[in-house]
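Written below as structure tokens is the structure these notes are about.
What you are looking at is a predicted structure, and each value in this text was computed from that prediction instead of being measured.
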Amino acid sequence: MQEIELVNEEGQIETWYMHSTFGMDDTTYAALMQDEDDDEVVLMRVNFMEDGNAELSIIEDEEELEDAFAIFVELEEEEEEKPEDGEDE
């Protein structure tokens, strides 16, 4: 898992772990965890800047957050159903 640093509302740097990214409509989302072994994820919107860098932002729209979370859960369930390398289907 990729480790990233984010600045919180108090201006302090926090370490997070990038669980995954996924798309919904024309928007990219990131699933973040505060601990690599954490079961809880936080979804954030990925905004691509003109210079090619990306910025994460909080999803304030409740409906958008619910829709993104539903897609995240669906993708996680699909991933769990895939056979591991070397296993028969």
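The hydrophobic clustering, which links ILVMFWY residues whose side-chain heavy atoms are closer than 4.5 Å, places Ile71 and Leu65 together. Note on Leu6: it clusters hydrophobically with Val42, by side-chain heavy-atom contacts below 4.5 Å among ILVMFWY residues. By the rule that hydrophobic residues join a cluster once side-chain heavy atoms approach within less than 4.5 Å of another member, Ile58 and Ile4 end up as members of one cluster.
Partners of Asp51 according to the side-chain contact (heavy atoms from CB on, under 4.5 Å) rule, which considers only residues two or more places apart in sequence or in another chain, are Met49, Asn53. Residues passing the side chain to side chain donor-acceptor pair (under 3.5 Å) test with Asp37: none are found, sequence neighbours excluded. Listed by chain and residue number, Val46, Phe48 satisfy the side-chain contact (heavy atoms from CB on, under 4.5 Å) test with Ala54 (two or more places apart in sequence, or in another chain).
Distance check, rounded to the nearest 0.5 Å: CG of Asn47 to CG of Leu56 gives 8.0 Å. To the nearest 0.5 Å, the span separating CD on Glu40 from CD on Gln34 amounts to 9.0 Å.
The two residues Ala68 and Leu43 make their nearest non-hydrogen contact at C-CD1, 3.8 Å.
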Before giving the answer on side-chain contact (heavy atoms from CB on, under 4.5 Å), spell out for Ile59 and Tyr29 the whole-Å C-alpha distance, their side-chain angles and the decisive distance to 0.1 Å. CA-CA 9 Å; Ile59 304 169; Tyr29 296 91; 3.6 Å; yes
Donor-acceptor list for residues 9-26 side chains, cut-off 3.5 Å, not counting sequence neighbours:
from  : atom 1 : to    : atom 2 : distance (Å)
Glu14 : OE1    : Trp16 : NE1    : 3.1
Glu14 : OE2    : Asn8  : ND2    : 3.1

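Residues in residues 53-79 take part in these salt bridge (Lys or Arg N to Asp or Glu O under 4.0 Å) pairs, two or more places apart or across chains: Arg45-Glu64, Glu79-Lys82.
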